[in-house]
Participant: 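Before anything else, here's the structure in question.
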Number of protein chains: 2
Amino acid sequence: MATIRDVSQLAKVSQATVSRVLNGTVPVSTTKRTAVLAAIEQLGYQPNAFARSLATNRSQAIGALVSELSSAAYGDIIRGIESVVEARGMHMVVSSGHARSDLERRSFEFLKERRTDALIVQIDATGDDELAAWVEQASLPVFVVGRHIPAIGDRCVYLDNGAGGALATRYLIERGHRHIAHIAGLMRIPDARDRLAGYREALAEHGIEYDEALVAEGGFVEEGGYRAMQQLLAREISFTAVFAGNDQSAAGALKALREAGLNVPDDVSLVGFDDLFIAHYLYPALTTVRQPFAEMGQAAAWLALNALGIGQEEEVTRRFDPVLSERDSVTAP
Amino acid sequence: MATIRDVSQLAKVSQATVSRVLNGTVPVSTTKRTAVLAAIEQLGYQPNAFARSLATNRSQAIGALVSELSSAAYGDIIRGIESVVEARGMHMVVSSGHARSDLERRSFEFLKERRTDALIVQIDATGDDELAAWVEQASLPVFVVGRHIPAIGDRCVYLDNGAGGALATRYLIERGHRHIAHIAGLMRIPDARDRLAGYREALAEHGIEYDEALVAEGGFVEEGGYRAMQQLLAREISFTAVFAGNDQSAAGALKALREAGLNVPDDVSLVGFDDLFIAHYLYPALTTVRQPFAEMGQAAAWLALNALGIGQEEEVTRRFDPVLSERDSVTAP
DNA sequence: CCTACTCCTGAAAGCGGTTTCAGCAAAGGG
DNA sequence: CCCTTTGCTGAAACCGCTTTCAGGAGTAGG
């Protein structure tokens, strides 16, 4: 591999000059510049990223720590991050927390050690307080995506889950539903609590009394949604619509409803949350609250770049508003 | 940040000795070793990865270039790669080709420049010959996953698509179907051709004549599957089963069948390919040929590590066999 | 008791860039 | 016409680690 030294010798200039041509830090006379460029071309020279990083103490990479690499949502977040980071000529190093708090910790250390210039984390298993401590004590800028931790609010990019829960519920109410069940998510996750709060808020707005018997916990997974729906049906309280805490639990609920001989949307309307692409593949296609994962990833990436002084310095949206993706799973009661 | 120098001074030894206890390259006396470890602990010292890489010319990272970051299949491949790479204390740098040949090229250069120790690529848009040339000319070990290019066969990890096509078709034949349609994939992709070949092979095995009118191209996407199925129906040739080239086109086909008033599986049986998790969410849940993406990613990662001399040196499976995931979309005619 | 190995250790030379610093030439100001 | 700027340039220091090399102490062999 050619080094900067080889280039400088071939071009008959100093290494410093080659470096200056390369980085455009200081003007270089046209004759030398062209000589250098010619030499670079001729040797097929590529700067050694390690040497550069060592000298500048910049890695030209940002780290992404996600909860689970194979999930659809995180794929979109990563894609969002990658698109802006790569457009800035930087790289992305990704690591997964495998949905376990200890592994999240390990991956976090891993990436820090790797000295990425900034870190974007999207993890669930680690608690708010601990995560906030990580963020504050880290020696590099860290941003959190998909989660709102008030203590470090300016470092979070998240969806307004309360508004999302209210949006879904209000949508059902406006179509005439009064008896609306809710399949809640994993209650240790703030998102789940916020969505439930939004549900209650929308009910209250319309003078509908909150009934605990209409709420069951689905844990954000399909199997949980399935069982939660079975519980709701077993309680023999009538309802004409269900707001599921996420699309996966909605899929499970759909299955349970089908098995109970109930038709969606004719007998029961169903709304999900997230707008993963499974929402589109379910039958009937699921009406759901859209969470703009890719945009959120982009926003987090911009925050990170801004923190490094190489961003666009425009104001970056931190709190995203939910939007409803209307499909075929809702009708009037 | 503490450096190796700080550690060496605190421990009253040379930098070389610190390096040696760090890497275990050469024995160090117990007294010095404990002094060094104490100093490291006290200073919270973490070696600088750049300096180390510069000195060793090893990045401790392997690069992954995937076609599209947000797809379910690639998520599993990445997860597979990450699991083995991280277990070996190395990192993964990922980049996306965004399903475009020029961007694939750019990302490839990007990662090479970044001097990852090895590269794993999973891309579609670049042609066989060109990709083979990249692989052979690269200055680092490169492996291809999800694709079989005979010229560089030992560097490919792939599914036996022909066997998969035959498996699906045979499965249908064994259940009594004789008139089986095929929704082919994107014919410029070898996978699609191989699956079609497998389909024909299974037909031939059972003395069923191949009928071109029973094949339509679905381009591996949902919309294409939808239209392909409409074409097949419009041709008014009777068939009792369909083998779709992948799960996404199967989903489209399912939709078209439903709109045509045909029930799956009672009127028409349907088999997909890939076993993405949408297969599970479709209604009826899709019987499909499973492609073990995560395992394939792992295999590719092992090949890469072996090439670097830090693998397990066990024989690594390169060609994976398809397995049928039986669900609810097939029945006897 | 002397020589020949071992075994461990430290000094120093890289790895391949960036950046400071000083210097020289040309240009501008008085 | 002399002095100060300005603009480029090269030498050299430095980033933090690994690794070679030479040497000293301790042990074994003769």
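Lettering of chains follows the sequences in order, A, B, ..., and the numbering in each one begins at 1. Just so it is clear, the structure is predicted and the values come from calculations on it, not from any experiment.
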Participant: Between atom CD1 in Ile4(B) and atom P in dG10(C), what is the gap in whole Å?
Facilitator: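 Ile4(B) atom CD1 is separated from dG10(C) atom P by 12 Å.
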Participant: Touch check for Thr3(A), heavy atoms < 4.0 angstrom, all strands: base, sugar-phosphate only, or nothing?
Facilitator: sugar-phosphate
Participant: Indicate, with a heavy-atom threshold strictly under 4.0 Å, whether Val13(A) touches base, sugar-phosphate, or nothing.
Facilitator: sugar-phosphate
Participant: Provide, to the nearest angstrom, the distance between the CE atom belonging to Met1(A) and the C1' atom belonging to dG17(C).
Facilitator: 14 Å
Participant: In terms of heavy-atom contacts, does CZ of Arg319(B) have more than 12 from other residues, nucleotides or ligands at under 6.0 Å?
Facilitator: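 Check fails, neighbour count at 12 or below.
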Participant: Could you list the residues that satisfy ring-ring contact (aromatic ring centres under 6.0 Å, His included) with Phe108(A), not counting sequence neighbours?
Facilitator: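 Phe108(A): ring-ring contact (aromatic ring centres under 6.0 Å, His included) contacts with Trp134(A).
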Participant: Atom CZ of Arg5(B) to atom C1' of dA11(C): distance rounded to whole Å?
Facilitator: 12 Å
Participant: Let's see if you can work this out: which of dT18(C), dC8(C), dT9(C) has an atom nearest to the side-chain heavy atoms of Pro27(B)?
Facilitator: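 Of all the options, the side chain of Pro27(B) is nearest to dC8(C).
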Participant: Give Asn23(B) one of three labels, base, sugar-phosphate or nothing, depending on what nucleic acid heavy atoms sit under 4.0 Å from its own.
Facilitator: sugar-phosphate
Participant: According to a strict under-4.0 Å criterion, is Lys12(A) in side-chain N/O contact with OP1 or OP2 of dG10(D)?
Facilitator: no
Participant: Counting the atoms with a prime plus P, OP1 and OP2 as sugar-phosphate, which does Val26(A) contact under 4.0 Å by heavy atoms, base, sugar-phosphate, or nothing?
Facilitator: base
Participant: Is any NZ, NE, NH1 or NH2 atom of the basic residue among Asp102(B) and Arg105(B) found under 4.0 Å from an Asp or Glu carboxylate oxygen of the other?
Facilitator: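 No.
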